[in-house]
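Input: a single structure, listed below in structure tokens.
Excluded from the calculations below are hydrogen atoms, water molecules and symmetry mates; all remaining heavy atoms, backbone and side chain alike, are included. We name chains A, B, ... by the order of the sequence lines, and we start the count at 1 in each one.
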2 protein chains.
Amino acid sequence: MLTKTEENYIKEIFTIETITKKDVSTNSIAKKLDTKPSTVTDMLKKLATKKLLSYQKYKGVKLNNKGKTIALSVIRKHRLWETFLVKKLNFSWDEVHEIAEQLEHIKSDKLTNRLDQFLGFPTVDPHGDPIPNANGEFTKTKTICLTKLTINTESIFVEVKNASDKFLKYLSKNNIAIGSKIKILYIEEFDNSVDILVNNKQINVSESVAKNIYLNN
Amino acid sequence: MLTKTEENYIKEIFTIETITKKDVSTNSIAKKLDTKPSTVTDMLKKLATKKLLSYQKYKGVKLNNKGKTIALSVIRKHRLWETFLVKKLNFSWDEVHEIAEQLEHIKSDKLTNRLDQFLGFPTVDPHGDPIPNANGEFTKTKTICLTKLTINTESIFVEVKNASDKFLKYLSKNNIAIGSKIKILYIEEFDNSVDILVNNKQINVSESVAKNIYLNN
DNA sequence: AATTATTTTTAGACTAATCTAAAAATAATT
DNA sequence: AATTATTTTTAGATTAGTCTAAAAATAATT
């Protein structure tokens, strides 16, 4: 049985590994978990003896299958609870993370699976992140380009096609982030620019911007 | 901010205090929490310095108002989560305790109060125990033991005194649940066992069972 | 390639929660 | 009241998770 702390390390390593696709460094973990590298080293040794990851001095770590399974289970719980908080208890999607950080460590497979069922087996959480199923698999979510969305529908921004600095800067300047709920209002026939509602504010984005925004389908 | 362990001590002290109405002894706490008296002594000193209870060497402890408030908050969360598990996730009432032991330590007043609302502000949990409201008050309902009920009267089963796994299993095996209408038919003078009518079926329950069944008065 | 900078590990220490074993205080019983 | 039994506390250790400071390894830069 893993402690809460051990689960947090495993989860964080999984997340970093998924993004960087390289062995995970001690420092990167320390930064994310807001702890000291020496503390991380100690924990990595412990997790290695528990056979959840492979660790080589000075070379970083890599989760093995057992480690990945645990990471996915914690992530699954986190995202199911976030969904519960938003869908059933009417929390807004920006205030659920901290609570889900606590709830993700509740140990009961039966609870997790009943919650999943109660929520109707959702495949994405309120931020648009995929929810692994009971076997740790996510169903590849089909995404749709903003330019293809039906007028007046609302969806969650889940993916950027062009992740250039300039584009991401444009998005943050306009308060659009992965996870943002976007409602499409109107497509201007003259220049194919799009009127959207995001954070209760209406803005107009050009066709080249719209082409890079993908939403849940 | 209290740790999970500290909360468990406070909750247990509150429970013992409520039953015995005396200062709570080191040994009684140790037995309930399945730990050693020496460990309890250490914790009592700590909780005393945190001003949650008054502690006198060899004399036992007594919660102060701050301690009681914390105990009631934990109990409130425990009973709300049990209610959620039974009412919304279709758990049976004999399998919710362990999960609620974990959930009761989740820290978010907003979550607790939203959950309360989501459940329709219940006043009793699935075992018939009263749920303190957001201010730590419960609406005390008067109940009467099955052994004290007048022959041939009918009442609703609202509370169990002993919520042990074995007892709850016995009840569900015999189709007796919180909310069941029970009519008392006869008290056997020889062994004080009781003939009751429940779900239109007559059964006989032993004195020790009857003593743990409480009904509306 | 040598030097400098950065990253990672080691060594030693601290807090929370626990234990065992022994000592001290209190309660019960001759 | 003296003795015995029980309860409680103290003293000293242990494990998990953390820290600081110094040493060692690796990476970057002259």
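- With no hydrogens or angles considered, a side-chain donor-acceptor pair links B:Ser193 and B:Asp191 at under 3.5 Å.
- Note on B:Glu98 versus A:Lys110: no salt bridge recorded, every NZ/NE/NH1/NH2 to OD/OE distance being 4.0 Å or above.
- Among the atoms of the strands shown, only primed sugar atoms or phosphate atoms (P, OP1, OP2) are found under 4.0 Å from some heavy atom of B:Lys45.
- In this structure D:dT9 sits in a base pair with C:dA22, meeting the Watson-Crick or G-U test at under 3.5 Å.
- Nearest nucleotide to the side chain of B:Ser38, out of D:dT8, D:dT20, D:dT9: D:dT9.
- Each of D:dA16, C:dT8, C:dT18 was ranked by its minimum atom distance to the side chain of A:Thr41; first place goes to C:dT8.
- In this structure, the nucleotide among C:dT20, C:dT9, C:dT8 sitting nearest to the side chain of B:Lys36 is C:dT20.
- Among the heavy atoms of the strands lying under 4.0 Å from A:Thr26 are primed sugar atoms or P, OP1, OP2 only; no base atom is included.
- Ranking D:dA25, C:dT26, D:dT10 by closeness to the A:Tyr58 side chain, first place goes to D:dA25.
- For the pair B:Lys88 and A:Phe84, the NZ or CZ position fails the cation-pi test of under 6.0 Å to the six-membered ring centre and within 45 degrees of the ring normal.
- Across all strands shown, the partner of C:dA27 is D:dT4, judged by Watson-Crick or G-U wobble contacts whose two distances both fall under 3.5 Å.
- Nearest to the side-chain atoms of A:Thr39 among the listed nucleotides D:dT10, D:dT8, D:dT18 stands D:dT18.
- B:Asn27 has a side-chain polar atom (N or O) that falls below the 4.0 Å cut-off from OP1 or OP2 of D:dT8.
- Note: CG (A:Asp42) to P (C:dC14) measures 16 Å, nearest angstrom.
- Stacking of B:Lys161 on the aromatic ring of B:Tyr214 is recorded, both the 6.0 Å distance cut-off and the 45° axial limit being met.
- Picking from C:dA16, C:dT9, D:dT18 the nucleotide with the shortest atom distance to the side chain of B:Thr3 gives C:dA16.
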